[in-house]
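Note sheet for the following structure.
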2 protein chains.
Amino acid sequence: MVKRTSFEGDACPIARSLEAIGDWWSLLIIREALFGVRRFGEFQSKLGMAKNILSVRLRALVDHGILTTAPASDGSAYQEYVLTPKGRGVFPVLVALRQWSEEFDDRPEEIATILVDRDKGRPVKKLELRAEDGRLLTPAETTLKPQPARRRRSA
Amino acid sequence: MVKRTSFEGDACPIARSLEAIGDWWSLLIIREALFGVRRFGEFQSKLGMAKNILSVRLRALVDHGILTTAPASDGSAYQEYVLTPKGRGVFPVLVALRQWSEEFDDRPEEIATILVDRDKGRPVKKLELRAEDGRLLTPAETTLKPQPARRRRSA
DNA sequence: GCAATTTAGTTTTATGATGCAACCACTGGA
DNA sequence: TCCAGTGGTTGCATCATAAAACTAAATTGC
């Protein structure tokens, strides 16, 4: 088989994330969902993507527990796609992507929006990696440690 | 043309990031590079990916200014692929993806490694989004503001 | 110094994914 | 009941990906 390689069984958590949200559209769909978009047509028109692909992606996101289908909030008989906690948990990933663009993009003047604190209207701080005790960490100051073997639930 | 849609001209910084690093392999290549991998064959064997694709991806990453080719550090006549500052700037994205997996994965026991502070050997803190004044922000406490039109360099 | 092997790719070919357009079923309103 | 809008599915052309075979230069062994 010449399938696109799957990372589902991979032990690396990054690969595992990519398995679920590592494609072009999924993250953009989640971005829209975080802004309150819930309806099929709304996703489709805002993202300008083909309907068949949107359809496939939404199904995949539901399968992965990132979205749930809910029975319309506005009374209509249609359904809606709503983020689960797992889906809302993607927020930091989106922020990290956004900040990377803001910092390193070759044509920053083309970036249309900035993420601000709703209260003050001021830009948010850069995400930073800190140690347990609050020290700022650079990539070089971190390492990977083998996960202390956890006991599986039931055998 | 039925090409895969490009986000290059998109005004959304997230879409712009995805344009450069939004595919399956690129992020994994950068992950390896952050751990010090530099040689073609090393990427290939560690990631277990096809050589033709690795070849294409490396070229793309170089084009995007994420990697640079440098003339071998160990004396051999081969070249190396080294991260630029822009490439190292991807680190928070990888951390965010990792932490998302750690928090929400359905089978956390399959995750092999944890990211720790090299000094203390203790797990790192979760990335958190903060306002300028240090307040913790939830997604709902943020908004997008149109970027104050910047003046282009020269005309 | 020459053959064998390694490294770093490119080419070829098969198949899966994507994008567009057309089509279809169901809803809601006049 | 007719008809526009919503929410998809289907078919087809094109693109990307994967595996394997192939190539050429660099390195190693002898």
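Side-chain atoms are counted along with the backbone in the values below, which use heavy atoms only and exclude waters and symmetry mates. Everything numeric here is computed off the predicted structure, so don't read it as measured data.
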Quick one: B/Leu54 CG to D/dA16 P, roughly how many Å, whole number? 18 Å
Provide, to the nearest angstrom, the distance between the CD atom belonging to A/Glu80 and the C1' atom belonging to D/dG7. 13 Å
Measure from the side-chain N and O atoms of B/Thr142 to the backbone N and O of A/Leu115, and report whether any donor-acceptor pair falls under 3.5 Å. no
Between B/Arg59 and C/dG9, is there a contact of a side-chain N or O with OP1 or OP2 at under 4.0 Å? no
Under-3.5 Å N/O pairs linking protein and nucleotides 1-7 of chain C:
unit_1, atom_1, unit_2, atom_2, d
C/dT7, O4', B/Tyr78, OH, 3.4

When the distance from CD of A/Glu42 to P of D/dT6 is rounded to whole Å, what number comes out? 11 Å
Is the number of heavy atoms from other residues, nucleotides or ligands within 6.0 Å of NZ (A/Lys126) greater than 12? yes
So does B/Trp25 get a side-chain nitrogen or oxygen closer than 4.0 Å to the phosphate oxygens (OP1/OP2) of D/dA18? yes
B/Ile53 CD1 to C/dA14 C1', straight-line distance once rounded to whole Å: 13 Å
Just N and O in the side chain of A/Ser55: are any of them under 4.0 Å from OP1 or OP2 of D/dT9? yes
Between A/Asp133 and B/Arg122, is there a side-chain heavy-atom distance shorter than 4.5 Å? no
Counting the atoms with a prime plus P, OP1 and OP2 as sugar-phosphate, which does B/Gln79 contact under 4.0 Å by heavy atoms, base, sugar-phosphate, or nothing? sugar-phosphate
Counting side-chain heavy atoms from C-beta on, which of D/dT27, C/dT18, C/dT27 comes nearest to A/Arg57? C/dT18
Looking at A/Gln44, is its backbone amide N or carbonyl O close enough to the side chain of A/Lys51 to form a donor-acceptor pair, meaning the two atoms are under 3.5 Å apart? no
If I take atom NZ from residue B/Lys125 and atom CG from residue B/Asp117, how far apart are they, to the nearest 0.5 angstrom? 12.0 Å
Between atom CG of A/Leu67 and atom CZ of A/Arg38, what is the distance when rounded to the nearest 0.5 Å? 11.0 Å
Looking at A/Leu127, is its backbone amide N or carbonyl O close enough to the side chain of A/Gln99 to form a donor-acceptor pair, meaning the two atoms are under 3.5 Å apart? yes
May I ask you to say whether A/Glu102 pairs ionically with A/Arg98, meaning some side-chain N is under 4.0 Å from a carboxylate O? yes
A/Ser76 vs A/Ala50, nearer the 5' end of DNA chain C by closest nucleotide: A/Ala50
Suppose we screen for side-chain hydrogen bond (donor to acceptor under 3.5 Å, both in side chains). Which residues come up paired with A/Arg130, at least two apart in sequence or across chains? A/Glu128
Axis-to-axis angle across the helix from C/dG1-D/dC30 to C/dA30-D/dT1, five pairs each end, nearest 10 degrees, ~ 30°
Nearest whole Å is fine: how far is C/dA8 C1' from B/Leu47 CG? 16 Å
Will you find, in the side chains of A/Thr138 and B/Arg88, an N or O donor that is under 3.5 Å from an N or O acceptor? no
Counting side-chain heavy atoms from C-beta on, which of D/dT27, C/dT18, D/dA20 comes nearest to B/Asn52? D/dA20
Quick one: label B/Phe43 by what it contacts on the DNA or RNA (base, sugar-phosphate, nothing), any heavy atom closer than 4.0 Å. nothing
In whole angstroms, the gap separating P of D/dT17 from CG of A/Leu18 amounts to 14 Å
Length of the line joining B/Tyr81:OH and C/dG9:C1', which is rounded to integer Å: 8 Å
Interatomic distance, A/Gln44 CD vs D/dT9 C1' [rounded to whole Å]: 14 Å
